[in-house]
There are 2 protein chains.
Amino acid sequence: MADATLRDVAQAAGCSVATVSRVMVGNRPVGAETARRVRAAAERLGYRPNQVARALRSRSTGTVGLVLPQIINPFFPSLVRELEHALHANGRALLLADCDDNPDTEAARINALLARQVDALVVIPVDEQRSRAAVAAAAAQLPLLVLDRSCGHSVADSVAVDNATGMALVLDHLAQTGRRRLCFLGAAGADSAAVERRAAYEAGAAALDPQAPGRVELGDFSAEWGAAAVDRVWPAQPDALVCANDLIAVGALQRLRQLGVRVPDEVAVTGFDDTDIATVSEPALTTIRQPVAGLAAEAARLLELRLAQKDAPEPRRTVRLVPDLVVRASSAAGTADPAGPARAERVIGGPDRPAPADLLPAPPSL
Amino acid sequence: MADATLRDVAQAAGCSVATVSRVMVGNRPVGAETARRVRAAAERLGYRPNQVARALRSRSTGTVGLVLPQIINPFFPSLVRELEHALHANGRALLLADCDDNPDTEAARINALLARQVDALVVIPVDEQRSRAAVAAAAAQLPLLVLDRSCGHSVADSVAVDNATGMALVLDHLAQTGRRRLCFLGAAGADSAAVERRAAYEAGAAALDPQAPGRVELGDFSAEWGAAAVDRVWPAQPDALVCANDLIAVGALQRLRQLGVRVPDEVAVTGFDDTDIATVSEPALTTIRQPVAGLAAEAARLLELRLAQKDAPEPRRTVRLVPDLVVRASSAAGTADPAGPARAERVIGGPDRPAPADLLPAPPSL
DNA sequence: CTGAAAGCGCTAACAT
DNA sequence: ATGTTAGCGCTTTCAG
């Protein structure tokens with residue numbers, strides 16, 4: 001049998017459809033007794049408001065689109081999870097689009113979501129430059145938030161981790177534990193995570209060793225590249241390998257093991273992201289823990305803010321969350337005790353951080 | 001400015017809205033010259049069909065809901081990716097719902113998606129028993145496919161990996177490489193993956209060693225449990241640890257390393273799923289590779305089939321895909337060469353499998 | 001506080 | 001091949 005409609009409920013409750021609608025939405029005065037009768041009838045008929053009809057009439061689908069580069073990047077699932085929960089808590093649903101790391105696919109997905117009348121869009125851009133046009137065009141049409149990576153300034157609201165501070169935490173830690181000959185194993189990608197992490201390394205490592213900023217190898221965010229990169233930097237006799245993410249670091253650890261190099265005794269290795277593999281690798285990986293829940297919460301908060309006061313020409317907002325350093329065996333100062341607890345770790349917070357409410361308005365566009 | 005509507009395009013092209021609609025949908029005869037004019041006008045106005053209005057009228061949203069237990073389970077993201085691509089290829093969009101491994105949340109998410117008028121639902125059930133009611137109720141309303149796990153027979157179409165064959169491949173491999181004292185480190189979960197893998201172990205291991213089916217430890221699908229389980233089975237002096245998934249296996253490897261046990265010389269360890277961590281663990285993990293792309297493709301195919309012939313009371317269909325065994329260092333027969341290539345692996349296919357088109361109708365319900 | 005009525009943007013009969 | 005028209009199910013004025 002077909003689903004019950006508002007009319008069916010109205011008929012059963014002996015009132016008009018308008019009254020039923022008012023009861024269901026609940027934001028308008030309705031007589032207590034009438035409301036009771038309506039709710040009873042709705043319950044009895046198993047009535048469920050048709051969100052599509054509601055959306056057409058009220059011009060709001062209660063739907064948010066999430067466009068991301070690659071769901072299989074091990075860092076994204078937890079972000080998706082937190083975002084999904086935050087949105088559902090507000091009665092919204094999440095339309096997911098995976099771009100396969102391709103800016104053209106990304107543009108197509110964004111358009112498809114616009115056609116579906118999403119109320120807002122969260123985009124994790126594929127490419128700092130090549131994502132910009134499509135993202136900016138969409139941002140002109142609806143509330144849009146750029147998450148985790150950026151794609152040019154002032155395109156839209158933005159929430160991301162503070163990559164510079166994260167890298168600085170790594171460099172401080174390595175300096176304090178006596179490392180002096182650093183190398184950076186990074187990614188050549190044009191996304192902002194790759195760019196910012198490299199820039200932060202180059203800026204911070206110079207203080208430790210004038211040669212360090214020059215010891216940079218760029219490939220991609222994969223374990224294969226991490227292994228290959230070790231062979232390229234090893235002749236420089238580094239005592240620390242600073243990797244742009246956990247995958248690269250784990251690949252490096254594998255190659256070092258094959259070469260018979262002891263970690264952390266001969267060389268320290270650090271990652272970035274604190275994905276699952278950081279705890280299961282051997283040795284466990286010192287890395288930067290992304291404030292995933294915080295990122296999602298901030299994103300949801302900013303989104304709701306925009307959705308609430310739709311027309312107000314608020315300035316763009318930028319939120320940067322400071323990550324923590326998690327020290328594990330791969331960078332321990334002394335000799336690791338192989339019989340000790342494998343999961344030993346120490347969390348070191350970033351510098352005093354602004355409360356989430358402190359928002360930095362971005363410079364005006366153009 | 002507001003989006004252009006059909007009417008705007010009709011006005012600009014000098015024809016009726018019906019004609020424009022026909023051009024946009026493209027399934028009805030329209031004069032070539034008229035069509036050209038319409039398309040030009042649409043292009044000029046930046047017209048994008050409003051999918052919500054279209055959905056309300058045509059009673060089809062072009063949207064599929066995916067309900068899964070936990071997106072952070074490392075096996076799911078690749079499944080989500082494949083499914084998203086398959087659906088988008090058919091012009092559909094994916095509404096994602098994460099249940100936090102909770103059957104009540106699962107029921108709520110399913111209802112929310114029904115209210116949003118999804119055309120179909122793909123569910124990866126949280127619990128073999130406790131998911132059944134909500135899933136069955138939804139299946140009565142629209143095309144529904146149960147993916148990767150089951151939740152009772154004949155509830156809906158189903159696509160999953162053949163866990164029994166996967167486990168048999170593992171046991172054969174261990175038998176052929178001379179292992180005789182097997183243990184199973186599994187999960188006590190009520191989902192079908194946990195249940196089937198354990199059952200297959202107990203059924204197959206008896207042939208190797210009458211005591212083996214008794215050596216079963218059940219916890220959850222985590223590395224922590226894998227490590228803890230090692231301590232419980234080690235006194236039995238096993239020469240192979242058969243784990244119910246990769247996480248458990250990696251946890252076991254960690255603990256064995258702490259105990260100074262050499263893998264694979266003293267004991268072999270196997271996983272299940274072939275997630276990323278199987279290749280980055282030390283030693284690399286022998287495991288069962290899930291046919292992820294195949295699962296997603298079959299799911300999409302069955303879904304389209306149901307959507308095409310909506311009312312036909314077709315019998316329930318069940319598809320089981322046979323996985324492959326991937327042999328890596330954790331179960332190598334001889335001594336692993338530490339300087340050898342870390343990624344050495346050998347893929348062993350399952351037994352002759354039926355072509356995907358061979359569908360087994362499930363027994364009639366009740 | 002409640003009802004009547006007008007659409008939201010589109011598709012699908014039914015005309016022509 | 002094209003136009004006219006009646007809604008899809010709901011929310012929201014506008015009257016009462």
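Here is the naming used below: chain letters follow the sequence lines, and residue numbers restart at 1 for every chain. The basis for the numbers below is simple: all heavy atoms, side chains too, and nothing from hydrogens, waters or symmetry mates.
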Side chains of [Y] and [X]: any donor to acceptor distance under 3.5 Å?
X        : Y        : answer
B:Glu128 : B:Ser150 : yes
B:Gln117 : B:Thr61  : no
B:Asp98  : B:Gln70  : no

Check whether any side-chain heavy atom of [X] sits under 4.5 Å from a side-chain heavy atom of [Y], and report yes or no.
X        : Y       : answer
A:Leu295 : A:Glu82 : no
A:Asp100 : B:His85 : yes
A:Ser16  : A:Thr19 : yes

Starting from the 5' end of DNA chain C, give me the residue, B:Gln51 or A:Ser16, whose nearest nucleotide shows up first.
->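 The 5'-side residue here is A:Ser16.
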From CA spacing to verdict: side chain to side chain contact (heavy atoms under 4.5 Å, CB included), A:Glu106, A:Val123 | CA-CA 9 Å; A:Glu106 182 177 58; A:Val123 181; 4.1 Å; yes
Which sits closer to the 5' end of DNA chain D, B:Arg22 or B:Leu56, going by the nucleotide each is nearest to?
-> B:Arg22
Of A:Arg57 and B:Ser58, the one whose closest DNA chain D nucleotide lies more 5' =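 Upstream on the strand: B:Ser58.
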Below 4.0 angstrom from OP1 or OP2 of C:dG9, is there any side-chain N or O of B:Thr5?
->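 The answer is no; no side-chain N or O of B:Thr5 sits under 4.0 Å from OP1 or OP2.
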Can a side chain N or O of B:Arg59 be found less than 4.0 Å away from OP1 or OP2 on C:dT11?
-> no
With a 4.0 Å cut-off, would you call B:Glu33 and B:Arg36 a salt bridge?
->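 Counted as a salt bridge, because a side-chain N and a carboxylate O are separated by less than 4.0 Å.
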Describe, as an angle rounded to 10 degrees, how the axis at the first end of the helix from C:dC1-D:dG16 to C:dT16-D:dA1 is tilted relative to the axis at the last end, five pairs per end.
->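 Overall, the helix from C:dC1-D:dG16 to C:dT16-D:dA1 bends by 40° from one end axis to the other.
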Should the heavy atoms of other residues, nucleotides or ligands under 6.0 Å from CD of B:Glu43 be counted, would the total exceed 12?
-> no
Between which nucleotides of DNA chain D, 5' to 3', does chain A make heavy-atom contacts below 4.0 Å?
->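 Result: D:dG9 to D:dT13.
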Rounded to whole Å, the CG-P distance (A:Asp119 to C:dC8) equals 19 Å
For atom CG of B:Leu6 and atom P of C:dG7, their distance in whole Å = 18 Å
Contacts to DNA chain C from residues 24-41 of chain B, heavy-atom cutoff under 4.0 Å, which residues?
-> B:Val25
Reckon B:Thr19 touches a base, only the sugar-phosphate, or nothing at all at heavy-atom distances under 4.0 Å?
-> sugar-phosphate
For the pair A:Ser131 (side chain) and A:Val126 (backbone), establish whether a donor and an acceptor sit closer than 3.5 Å, ignoring hydrogens and angles.
->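 Yes, A:Ser131 side chain to A:Val126 backbone: donor-acceptor pair under 3.5 Å.
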Please round to the nearest 0.5 Å and tell me the distance separating atom CZ of B:Arg54 and atom OG of B:Ser60.
->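 Reported to 0.5 Å precision, the distance equals 9.5 Å.
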